[in-house]
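Chain letters run A, B, ... following the sequence lines, proteins first and then strands; every chain starts at 1.
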Amino acid sequence: MSDTTDSNGSSYGTGTADADGATARTGSTAAGGPGSEPASGPGSTEEATEAAAQSQLSTAPVEEAPSGPKLSLFGWLRWFWRQLTSMRVALLLLLLLSLASVPGSLIPQRNASPFRVAEFLQNNPKLGPVYDKLQLFDVYSSVWFSAIYLLLFVSLIGCIVPRTWQFVGQLRAKPPKAPSRLKRMPAYTTWRTEAEPAEVLGGARKLLRGRRFRVADGEGSVSAEKGYLRELGNLCFHLALIVMLVAFAVGQLWSVEGGKLVVKGGGFANTLTQYDDIKSGALYDYDDLDGFGFTLEEFHSSFEESGPERGTPRDFRADISYWEGADGPEKKASIEVNKPLTVGSSKVYLLGHGYAPVVTVKDGKGDVAFRGPVPFLPQDGDPNLTSQGVVKVTDYQDAKGKKEQLGFVGIFTPTYGIDEVRGPHSTFPGMKYPAIFLSAYRGNLGIDTGLPQSVYQLNQRGMEPFETEDGDILRQSLRPGETMKLPDGAGSLTFERVERWATFQISQKPASGWALGGALVAIGGLAASLFLQRRRVWVRAYADEDGRTVVEMASLGRSESAKVPEELGTLAERLRADSAPLPPAPEANDAVPERGDAAGPDDTSGNNDSVGPSADDDGPRRS
Amino acid sequence: MNLAAADNQSLADLSRVLILSAMAVYTCAFVAHIAEWVFGSRSKVARTAAALAPKKKSPYTRPTEKETEAAAGAGTAVLEKPEVVTRSALGGRPDLPDGTGGGSGGDAQGDVYGRVAIALTVLAFALHAAGVLTRAFSVTRAPWANMYEFSITFSMVVVGAYLVLLAAKKNVRWLGLVLVTTVLLDLGLANTVLYTESDQLPPALDSVWLWIHVSLAILCGGLFYLGAVGTVLYLFRDSYENKLEQGGKPGVFATSVLERLPSAASLDKFAYRINAAVFPFWTFTIIAGAIWAEDAWGRYWGWDAKEVWSFITWVAYAGYLHARATVGWKGRKAAMLAIVAFLCFLFNYYGVNLFVNSLHSYSGV
Ligand code: HEM
């Protein structure tokens, strides 16, 4: 098991909090001389020194009973603030936050999948608008979600500031005086020795300093404290949470993210008009787009050729040359999945890839009406990249010279195959036997209507198909180099070759570094706060009636942990090397301790560690 | 099919055989554990009651002056190691004895069965680990790309952690029966519903962050599971102790089972230590995931279903740690939170992978 400390159910959390008030009252009352123990029950002095010994071991806020506010406005505000910065409300807000995150994972979110939101609205005409009103399609930017985390962070700030002050105070203060009766502390040990008290205390001081305790002298005693890093870690953790939240918010508000499809040989310049699609945070200004551009020189892909994983992608790589500013020097780079290119404050990611058949369309007069690569988009979910696309020819005249437009719709298959169910389709994502399968239309493409139109779809309204002599729609599959003739000398389409294309995402997200830094500090702080123990050790030495020196040691942890008594044992062992213990006084032997056996069955923490698989030799025997 | 592929296929088959044999041995371990519990002693019954009952005064009083004096006399010079008197924190239930020897209840015969069960578990673990390794070799990558692979690795981690704790002489034998049972369930599910032929990673999954992020996620899950078992048993044992304390008489079966478990305080401590120790690693797991997402998808956080549920799990465990420092939430309420947090983890694994549309849904099913 780890070194993790416990804030066990019965930790000193409350005691600490209660005792904080007592500190001031009892600051210097620990004068009860060693050995001068009153015979009666614990008196107020002992109680007070004990309270002081436990005080300020943490900076957790004092828990108050939830009493009603005083009726003045200030009283209300004060009450409200106290509530907001209490541990209880912080806990409730944490739970609320996790609860509020749930719907966003079950209901489609506009930000991530607008298409599925539209679908949901269409399928649920009653429920959809209600969800929309409740901002259930935008959970993570909704008013109620924001309210919860903003409250949480106000609470966090309201909690962290006073805790930091308190901690600074604790760093300045000395470890508290030894309580008058050390044996009441959770871990305790004592022995008698011939060494002088001053000598023992001197040794203890040196030992504790050597172990990097902070040490303070008392009257006939030494106090020491260690583990401040725990509190510091906890404060850093909570502070880092604030840094992360701010960084996250900045990243959202000033971010921009756009996509662009580039055919091999083609280029891209980072300006608003060049993007296929782009979205930005509320406060982003498009003038702030980084000035750079790139050309896609080459695109590589490879796929598993054989075996059960045939067709699984092996790797993709886009080789580009890019330049910064308007006309910076050209540099070469490659972008892979998982390996974006960073230019200025922008990152360029490789997102997707596909094929663009290069076609030449001739019109009725035999002139070239269109020539170039036409990107075809892979069909959803087809690993073999059967792709769809449209060749749109806007500038065309037929054999009689009549102006018209042409559209060729169809699919491209990098490795052609055909069966009865699926028709023509691809059987492998790599280009082993490329073919296109097209049907031809004429008429008005509807591009001039001003309505946005997908370049990958044909608006059939206004278009009519070319027909074969038997009256069927003209369809034909072509291999590279082959030509499809339109009837009645209306022209032709030649499939020349295939080009590759790739899609890129270009994004700018400020403050990512802060988010990462905050996250790393948070982890460090968390580890310190969970793995370290804050604890105090006291050593007292005084002469008894026989002139021998009695040494007492005790320790107190912020929470119960087996490590604290263990450490006390080691310290005592060291100390005894210089102040050799005498045999115990005879009367001490009579009082054989009931609770004294550290490994006995009534010591939970010790037991948990020491009872191994074969520990049937302790505890009461079976009858 | 080329030679390497054929090789891989036979390795994948070997892996499957190894996992199935591991299941067979786990089943034997299960039977041995049952024997341990059935033939183990019940005579320790009422140990707890005895510890609670004779103190007719309230257990919430401080130790009397006499007890304190007795404790003070414990300083001995004869021993090499100084004796340290430890006292439980002020207030709370007095420390109770832990049940010894796991399910055997200290009975010699039961103990033998228990040892057999552990030996079998070690053997099964060896087969199990070999199965996971051969699977990894058969796909020449980390075996973490689909739910079958997650599941077999996950239960391997759980059993491995348990055996490490045993080897470190921690009192964890009480975990044995529960673990073997759930490991069998997990492997059974993996081999039926979730089984996927070995295949390759899509390029997005091919990154060092796969190693860091996914291996940590599996490790955290396995350890959180141990913590959750401790927490559930704590709740049972705590009600049992409460009942005894109020003079009630728990049922014979409850007594027989719960009496052999460690005390509620020990169980609680066990669960807390594991959960608290794992929490920073879980935090790092999420951060590593964010770094990877930044590289692969161009954003470090996109509220994808998997991300959301990791976040919920994280907040729930943070809530648990907070609760333990909050008056009125310590003990049972905090324990409930820990269980909810673990259920969130489970949902993130099964629920999101199988039922929710997510970029992360690599279930392979
Ligand atoms: C974003 C929300 C928060 C998260 C994720 C969070 C998380 C945590 C975690 C994981 C711990 C455990 C570390 C340990 O036990 O030392 C902790 C401790 C603590 N938190 Fe928070 N916390 C949050 C907000 C707050 C707020 C608003 C307060 C103030 C009311 C607060 C006060 C504390 C204190 C005092 C401790 C130390 C408890 C102790 O000393 O045992 N936290 N927090």
Spacing of [atom1] belonging to [X] relative to [atom2] belonging to [Y], to within rounding of 0.5 Å:
| X | Y | atom1 | atom2 | value |
| --- | --- | --- | --- | --- |
| A:L99 | A:L94 | CG | CG | 12.0 Å |
| B:N275 | B:L226 | CG | CG | 10.0 Å |
| A:T570 | A:L575 | OG1 | CG | 12.0 Å |
| A:Q505 | B:R299 | CD | CZ | 9.0 Å |
| B:D238 | B:D268 | CG | CG | 8.0 Å |

Segment of [X] engaging chain B (4.5 angstrom heavy-atom cut-off):
| X | result |
| --- | --- |
| A:S507 | side chain |
| A:S512 | both |
| A:L241 | side chain |
| A:A515 | side chain |
| A:F248 | both |
| A:L516 | side chain |
| A:V348 | neither |
| A:L92 | side chain |

Side chain to side chain contact (heavy atoms under 4.5 Å, CB included) assessment of B:L337 paired with B:W329: CA-CA 10 Å; B:L337 267 182; B:W329 277 82; 4.2 Å; yes
Candidate pair B:W174 and B:F270, rule ring-ring contact (aromatic ring centres under 6.0 Å, His included), full reasoning: CA-CA 12 Å; B:W174 48 273; B:F270 170 82; 5.0 Å; yes
Residue part contacting chain A, namely of [X], when any heavy atom lies under 4.5 Å:
| X | result |
| --- | --- |
| B:W314 | side chain |
| B:L267 | neither |
| B:I291 | side chain |
| B:F284 | both |

Basic-acidic side-chain contact under 4.0 Å: A:K347, B:E294: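 Salt bridge present between A:K347 and B:E294.
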Chain A contacts, top residue of B:P280, B:G114, B:A323 (heavy-atom pairs, under 4.5 Å):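 Answer, by heavy-atom pair count under 4.5 Å with chain A: B:P280.
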Donor-acceptor contact below 3.5 Å, side chain B:E307 vs main chain B:G302: yes
